[in-house]
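Computed over heavy atoms, backbone and side chain alike; hydrogens, waters and symmetry mates excluded.
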Amino acid sequence: MTIGYKDFFPILLESGFFKRKFEDLPTTLGRANKWLATSDLKVVNVETVLLPNVRPEADASITCLYTGGETGSSWIQIIRVWYHVPDLGD
């Protein structure tokens, strides 16, 4: 069995010098549900993941993230859907 995952980042709504505003988690979950409704994938697990210093456009598969520095840390909560990847013979 092979598994895969898809990350759903909250959409950035506003960006300012000191503040960024993102959509709320239920809205992000709605997009994940819409994606699942249009796929024939078998869900293995759904989780929320809190990632430091990750921008929505960044790759969340980075295995080593650092916090701190001059700009401080910024955390973002995403929804990760793990699913069974069908074999070609399925």
Side-chain donor-acceptor pairs of residues 34-43 under 3.5 Å, sequence neighbours excluded:
| residue | atom | partner | partner atom | Å |
| --- | --- | --- | --- | --- |
| T38 | OG1 | K34 | O | 3.4 |
| T38 | OG1 | W35 | O | 2.9 |
| S39 | OG | L36 | O | 3.1 |

Q) Which value, rounded to the nearest 0.5 Å, describes the distance between L29 atom CG and T48 atom OG1? A) 10.0 Å
Q: Work out which heavy atom in V85 is nearest to a heavy atom in G4; give both atom names and the distance.
A: CG2-N, 3.5 Å
Q. How far does CD of Q77 sit from CZ of F9, to the nearest 0.5 angstrom?
A. 12.0 Å
**Q.** side-chain contact (heavy atoms from CB on, under 4.5 Å) against E23, all qualifying residues, sequence neighbours excluded
**A.** P10, I11, L13, T27, T28, R31
Q) Once you round to the nearest 0.5 Å, how far does OG1 of T2 lie from NE2 of H84? A) 6.5 Å
Q: Quick one: closest heavy-atom pair of L12 and E14, and the distance?
A: CD1-O, 3.3 Å
